[in-house]
2 protein chains.
Amino acid sequence: MTVTIRDVAERAGVAVGTVSRYLNGYQLREKNRVKVEQAIQELGFKENVIAKSLKRNRSMTIAVVIPNYLTLFFMAVTKMLEQILEGYSYSLLLCDFDHDPTILQDKLRFVKDRFVDGLILFPSNIAEKNLVMLQEFLNDAIPVVLIEQPLPGIETDVIMVDNAHASFRAVEQLILHNHRRIALVNGKEEVYVFGERLRGYREAMRTYNLPVDEGWIVSEWFSEAGEYTAIKSLFTSPPHPTAIYATHLHATIGTVMALHKLHLRIPEDVSLIGFDSFDMLDAIEPPLTLVEQPIEQIATDAATLIIRRIRGDDDDFPHTITLNTTMLMRDSVLTL
Amino acid sequence: MTVTIRDVAERAGVAVGTVSRYLNGYQLREKNRVKVEQAIQELGFKENVIAKSLKRNRSMTIAVVIPNYLTLFFMAVTKMLEQILEGYSYSLLLCDFDHDPTILQDKLRFVKDRFVDGLILFPSNIAEKNLVMLQEFLNDAIPVVLIEQPLPGIETDVIMVDNAHASFRAVEQLILHNHRRIALVNGKEEVYVFGERLRGYREAMRTYNLPVDEGWIVSEWFSEAGEYTAIKSLFTSPPHPTAIYATHLHATIGTVMALHKLHLRIPEDVSLIGFDSFDMLDAIEPPLTLVEQPIEQIATDAATLIIRRIRGDDDDFPHTITLNTTMLMRDSVLTL
DNA sequence: TTGTAAGCGTTATCAT
DNA sequence: ATGATAACGCTTACAA
C-alpha cells in the first residue's frame with residue numbers, strides 16, 4: 001500500500017542508500033538522479049517523516065506554549081512563527097496553558113514526551129516546578145527560547161521588548177502635550193510585562209517631577225467587571241486625570257467603553273494612549289494613538305534563534321534580544 | 001542515554017514483549033507487573049511516541065485547520081479541542097490558512113505529509129483543488145470532520161450550528177419588541193455562515209410581512225473602514241432602522257463603536273443584537289443581547305466524532321450534527 | 001559515487 | 001502469560 005524508499009530503489013534499479021542520499025540532498029551520478037526522480041514520480045513516493053524522525057532522533061516539531069489562545073498578541077506572534085518555521089519543515093505543537101502553572105507543567109511534560117526539537121515559551125505566570133522542568137529541557141539539550149520575559153535561574157535565549165521604555169515614552173508623550181494628571185490602566189502587576197509597564201509609567205512621572213496619585217493606577221481585568229467602576233472612580237472627585245495610558249489591548253478597549261459610558265469624549269475630555277494594534281481598534285473613533293509591539297520581528301528573531309540552536313550553533317548563547325516598540329501617533333491625544 | 005523498553009526488560013528480567021504488553025494495558029503475572037513497574041521507575045523510562053507511531057502507523061496527531069488565528073470563535077473551539085484530545089493522548093497540529101484557498105492547499109498537503117490520524121477543518125473559503133485534496137484524505141481513510149459547514153461533494157461528518165435559525169430568532173426577537181425597520185450588519189455573503197445568517201434575517205422579515213430595504217443590509221468588514229460609513233448611511237435619510245442585528249463579533253464591536261460615534265444610544269435610539277459572546281464585550285454598556293454559539297458542544301462533538309472515526313467506528317457515517325445557538329437576553333433591546 | 005546491512009524503539013506474530 | 005524475533009521506513013557507517 002504505502003510506497004517506501006525500497007520500492008523507489010527497486011524501480012530505479014539502485015540501492016536504498018542511494019535514494020536516501022538523493023532525498024537528503026547528496027550528489028548522485030546524473031543517470032541515477034534521473035532514474036530516482038522518475039521512480040519517485042511514477043510511484044508517487046512520499047517520505048515518511050516518522051521513520052525519519054525515529055532514525056535521526058529529531059521530531060521536526062517545535063513546541064510553542066502560550067498563556068492563552070484568546071489573546072491576540074500571542075496568536076499574532078504564533079501566526080508568524082508558524083509561517084516561518086513551516087518554511088524549515090517544522091511543525092508547531094501549540095499549547096495553551098491558561099495562565100495556570102499547573103496546566104503549564106502538564107503541557108511541558110506533554111511536549112517533552114513528544115520529543116520536540118525545541119521550545120518557544122511565553123512564560124506569563126510561572127511556578128517553581130515549571131522552572132525545574134524547563135531546566136530539564138536545557139539539560140537534555142532541547143533549546144528553549146523565551147518570549148516576553150527572562151526567567152530567574154534559567155539561562156537561555158530571550159526575545160523581549162523594552163516594556164518599561166515603551167511606557168516611559170508613551171507617558172512622556174502625554175506629558176509633552178502638557179498633561180500632568182495621567183492615569184494608568186494596567187494588567188496585574190505580578191505579571192512581568194505589566195510590572196515593567198508600571199515601572200516605566202512611574203519613571204516618566206518621576207523624571208518630569210509629576211506626582212503620582214496611587215488612585216490613578218488601575219490594574220484590573222475589565223472582564224472582571226471592575227474596570228468600569230475603577231475608571232469611573234477616576235472621575236468622581238477632582239482633580240481628574242486629563243489623560244489615560246492603557247497598557248494592553250483589553251485595557252484599551254475597556255477604557256474606551258468606560259469613557260463612552262461616562263460621556264467623556266476622546267480626546268476633548270480625556271486623552272488616551274493604548275497598547276497593541278489590532279484591527280478591532282479600527283472601529284474606534286478617533287483613531288487611537290497606540291504603542292505597537294514589533295510582532296513580526298519578535299517571531300522572526302525567535303524562529304531564527306531556535307533554528308540556529310537546534311542546528312547546534314551556540315555561538316552567542318545565551319542571547320537576549322530586546323526590541324523596541326513604536327508609537328503610532330494618531331488622534332487620541334490633545335495638547336492642553 | 002535514552003532508556004528503552006529493552007533496558008526495562010533487562011532490568012526487570014523479562015522479555016521486551018512483556019514490557020510492551022504492560023505498557024499497552026495487557027494483563028501480566030502479578031510478580032512480573034511489579035518488576036516491570038519497578039524497573040520503569042528506577043530507570044525513569046519514557047516510551048518513545050515516535051517509535052510507537054512508526055510501528056503502529058498512527059502519529060497520534062490530529063490536524064486542526066482554521067481560517068485565522070485572530071478570530072476568537074475559532075480559537076475558543078480550538079482551545080476546547082486541545083483540552084479534550086490531549087485527554088486521549090493526541091497532539092494537535094494546528095494550522096492557519098488565512099481564509100486563503102492556496103494556503104489551505106499547502107497546509108492540507110503539509111499535514112497529510114505528517115501522517116495525521118485525522119483532520120478537523122473549518123472550511124471558510126474553499127477552492128475546487130481543496131475539495132480534491134480533502135477527497136484524498138477520505139480515500140486514504142483519514143477521517144475528516146468539518147466544523148461550521150458542509151462542503152459540496154465531500155461526504156463526511158459535519159458539526160454545525162443552525163445559523164439561519166439563529167438569525168431568524170434574533171430578528172424575530174427584535175420584531176416581537178415591535179421593531180419593524182431592522183438593519184443587518186453581516187460578513188461577506190460568499191462565506192457560508194454569513195449567507196445563512198442573511199437567509200435567516202430575510203426569512204424572519206418575510207414571515208412577519210416586513211419589507212426589507214436592501215440598503216439596510218451591510219456586509220463589509222469593519223477593518224476595511226467601510227463599516228462606519230455603511231452604518232452611518234443607515235441613519236442619514238429617514239426612515240432609519242430602529243434596530244440592528246450584527247452577525248459576528250467584529251461586526252458587533254464595530255456597530256457599537258459606530259453608534260457611539262454617531263451619538264446614538266443603545267438601546268434608547270437603536271436596539272442591537274450581537275453575535276458571539278467574548279469577554280471584551282463585557283466592557284460594553286449596556287450589556288448586549290447576544291446570540292451565543294455552543295462552543296463547548298461543538299468542540300466536544302467534533303472531538304468525540306473524530307476519535308470514533310479514527311478507531312474505526314463508522315456506524316453513522318456520514319453524520320451531520322446541527323446544534324442550536326442560544327440567545328443571551330440582556331439590555332440592548334428596547335420595546336417600542 | 002554506490003551497495004550492503006545494522007539499527008532507531010517499538011509492536012505483533014508465533015511458539016511455548 | 002511470556003519469550004524470541006521479525007518487521008515498521010528510514011539513515012548511516014563501512015566497504016567496494
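Letters go in sequence order (proteins before strands), and every chain restarts at 1.
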Query raised in the report: Where the side chain of B:L28 is defined as all heavy atoms beyond and including C-beta, which of C:dG9, D:dT2, D:dC10 is the nearest nucleotide?
Result: D:dT2

**Report entry** A:E47 CD - D:dC10 P separation (whole Å)
**Finding:** 7 Å

Query raised in the report: If you count the non-hydrogen atoms of other residues, nucleotides and ligands that lie under 6.0 Å from OH in B:Y26, is the total more than 12?
Result: no

Sort me out a list of protein N/O and nucleotides 12-14 of chain D N/O pairs below 3.5 Å, or just none if empty.
| unit_1 | atom_1 | unit_2 | atom_2 | d |
| --- | --- | --- | --- | --- |
| D:dA13 | N6 | A:R21 | NH2 | 3.1 |

Report task. If a pair satisfies side-chain hydrogen bond (donor to acceptor under 3.5 Å, both in side chains) and one of its residues is in residues 34-51 of chain A, list it, with sequence neighbours excluded. Result -> A:R11-A:E42, A:Y22-A:E37, A:R33-A:E37, A:E47-A:K52

**Report entry** Under-4.0 Å side-chain N/O to phosphate OP1/OP2 contact, A:S53 with D:dC10
**Finding:** no

Report task. Choose from C:dG9, C:dT10, D:dC10 the nucleotide whose nearest atom is closest to any side-chain atom of A:N48. Result -> D:dC10

Query - Whole angstrom value for the distance that separates C1' of C:dT2 from CZ of A:R33 - result: 17 Å

Report summary line: One should read off an interatomic distance between B:L104 CG and B:F122 CZ, to the nearest 0.5 angstrom, of 13.0 Å

Query - C:dG9 OP1/OP2 closer than 4.0 Å to side-chain N/O of B:K52 - result: no

Query raised in the report: Could you give the CG-to-P distance, from B:L23 to C:dG9, as a whole number of Å?
Result: 15 Å

Query raised in the report: Among C:dT10, D:dT11, D:dA4, which nucleotide sits nearest the side chain of B:A15?
Result: D:dA4

Report task. Using the side chain to side chain donor-acceptor pair (under 3.5 Å) rule, take B:Q293 and B:D276 through it: C-alpha gap first, then chi angles, then the decisive distance, then the call. Result -> CA-CA 6 Å; B:Q293 301 195 69; B:D276 280 341; 3.0 Å; yes

